[in-house]
Amino acid sequence: MPELPEVEIYRLYLESSSLHQPIENIEVDDPNLLTVPFTTLYETLVGRWFTGTRRIGKNLFVLTDGPDPLDQPVIVHMHFGMTGDLAYYHSSLDRPKYARIVFHFRNGFNLGFICPRKFERIGLIDDIPAYLKRKKIGKDGLAISLSELTEQIRRKKALIKPVLMDQSTVAGLGNWIVDEVLFQARVHPEKRTENLTDNEIRQLHDAIQLVLTTAIRHEAQYRDFTINFLIHVREWDDSPYDDVEAHKFCPRCGTRIAKSEVGGRTTYFCPNDQQL
DNA sequence: AGGAATGTTCTTAT
DNA sequence: TATAAGAACATTCC
C-alpha cells in the first residue's frame, strides 16, 4: 500500500527519472482520475517540465517550470490511493498495465501513473500550505515532534487506531503501518485516547519513527524487515510467509496474533502485549 | 447549532 | 465472489 514510505520511494524515483524534460503530451484514460478538467491539465502542463518534488504524508507534489513566466506556480498533486505506482519507460511496448495516466516527454520517455483500482488521483494546485490546510493534512510522520503528536492525540476522543489513521493527526500512516506502530509501542488498537499515558504517547512517537525509517530504508520491501515486525503475519501480496502457521504468532511472546476489525479496518495485534 | 466522532460508499483486481 | 484499501461524503452524537 502506498503509505508514507512508498510515496517517499516514488518521490525519489520521479526525481531521478523525470525532471527537466518538457511534457509533449498527456494521456488520460478516465477523467475521474483527475481532480481538474482534462483540458485544464493538458493546457497547463504541455510545454512545461518537472523541476522538483515535495512529499507530505501520502501526498506527492511535483513542482514545474515553463517557457513563459506565469504569475502562479503550477504544482502537480499526486495521491496513490491503495494501489498507485509510477513507471518511467521508453517504448510503448513497455507500457505497464493500468498506466491510466501517462506523461509523454519530449525525449521520448514516458512517466506512467499506474492505478489498477482507480482510487488514485492527479490534480493541479498552486499553493502547498493552502492545500494542506484545506484538506486538513497534519504534520508529516517523519517530521512530527513528540509534543506536536501529544497535542494532536490529546484533543481527540476516540479509539487510538482510527486517530492515528486520521491524516489530520499525523500524515502518512495507513492501515498496516498503524498496526505495526501500535504493536511496536505495545498499545491496544481499541485503547481510547483519553486513557493513554504520556509515556504511551512517547512510545507511539518512537514507534512511528522506527516503522517509517525502517520501511524507507528497505525501500518498502516488507520481506526485508526483521522478523520482530508484525508485518510478517499479514497476508500481503507475495508474502513468503502467507498462510504459514509459524508466522501467525507474536515474534516477542509467542501468543497467537489476533485479527479483528477496528474503525472498519482489518486489524492485527498481539492480545498479550497489547492490552486494554 | 455545530464540530467531532462514527459510518458508508466508491472502485476493481485477485 | 468475497475481500481489501484511503479518503470523501453522509450521518449521528453530544
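Every chain is numbered from 1, with letters handed out A, B, ... down the list of sequences.
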So, is [X] near the phosphate of [N], with a side-chain N or O under 4.0 Å from OP1 or OP2?
| X | N | answer |
| --- | --- | --- |
| A:His79 | C:dA7 | yes |
| A:Thr266 | C:dA5 | yes |
| A:Gln167 | C:dG6 | no |

Legend entry - Separation of atom CG in A:Asn59 from atom C1' in C:dG6, rounded to whole Å: 11 Å
Legend entry - Separation of atom CH2 in A:Trp176 from atom P in C:dG6, rounded to whole Å: 12 Å
Tell me, please, which residues at least two apart from [X] pass side-chain hydrogen bond (donor to acceptor under 3.5 Å, both in side chains).
| X | answer |
| --- | --- |
| A:Glu148 | A:Lys139, A:Ser145 |
| A:His79 | none |
| A:Arg117 | none |
| A:Asp85 | none |

Any sub-3.5 Å donor-acceptor pair from [X]'s side-chain atoms to [Y]'s backbone N or O?
| X | Y | result |
| --- | --- | --- |
| A:Gln167 | A:Gly172 | yes |
| A:Asn25 | A:His104 | no |
| A:Asn175 | A:Thr266 | yes |
| A:Arg55 | A:Gly57 | yes |

Inset, instruction - List in numerical order all residues of residues 111-118 of chain A for which some heavy atom is under 4.0 Å away from an atom belonging to DNA chain C. - result: A:Arg117
Legend entry - Residue-level proximity of residues 149-158 of chain A to DNA chain B when a heavy atom falls under 4.0 Å: A:Lys156, A:Lys157, A:Ala158
Inset, instruction - May I ask you to list the residues of residues 119-144 of chain A, by number, that have any heavy atom positioned under 4.0 Å from an atom of DNA chain B? - result: A:Phe119
Inset, instruction - Classify the ring geometry between A:Phe103 and A:Phe50 as parallel (under 30°), tilted (30 to 60°) or perpendicular (over 60°). - result: perpendicular
Inset, instruction - Using the six-membered ring wherever Trp is involved, compare the ring planes of A:Phe225 and A:His218 and label them parallel, tilted or perpendicular (cut-offs 30° and 60°). - result: tilted
Legend entry - Heavy atoms from other residues, nucleotides or ligands near CZ of A:Arg154 exceed 12 (cutoff 6.0 Å): yes
Inset, instruction - Taking atom CZ of A:Arg202 as the centre, report whether more than 12 heavy atoms of other residues, nucleotides or ligands fall under 6.0 Å from it. - result: no
Inset, instruction - Indicate if A:Phe38 and A:Val74 have the same hydrophobic cluster label, given that clusters are the connected sets of ILVMFWY residues with side-chain heavy-atom separations under 4.5 angstrom. - result: yes
Legend entry - Contact state string [nucleotides 9-14 of chain C, B base, S sugar-phosphate only, - no protein heavy atom under 4.0 Å]: ------
Inset, instruction - For A:Gly174, report the nucleic acid contact type (base, sugar-phosphate, nothing); a contact means any heavy atom under 4.0 Å. - result: sugar-phosphate
Inset, instruction - Have a look at A:Phe80 and say if it touches a base, only the backbone sugar-phosphate, or nothing, with a 4.0 Å heavy-atom cut-off. - result: nothing
Legend entry - Global bending angle along the helix from B:dG2-C:dC14 to B:dT14-C:dA2, which compares the axes of five pairs at either end, to 10 degrees: 40°
Inset, instruction - Please figure out whether A:Gly264 or A:Asp30 has its closest DNA chain B nucleotide nearer the 5' end. - result: A:Gly264
Legend entry - Which residue lies more 5' along DNA chain B, comparing A:Gly263 with A:Tyr98 via nearest heavy atoms: A:Gly263
Inset, instruction - Could you work out the complete set of other residues in the hydrophobic cluster of A:Leu159, with links drawn between I, L, V, M, F, W and Y side chains under 4.5 Å apart? - result: A:Val262
Inset, instruction - Just grab all the ring pair (Phe, Tyr, Trp, His ring centres under 6.0 Å) pairs involving residues 8-33 of chain A, residues at least two apart or on different chains. - result: A:Tyr10-A:Phe80
Inset, instruction - Can you sort out the partners of A:Tyr98 under ring pair (Phe, Tyr, Trp, His ring centres under 6.0 Å), two or more places apart, ordered by chain and number? - result: none
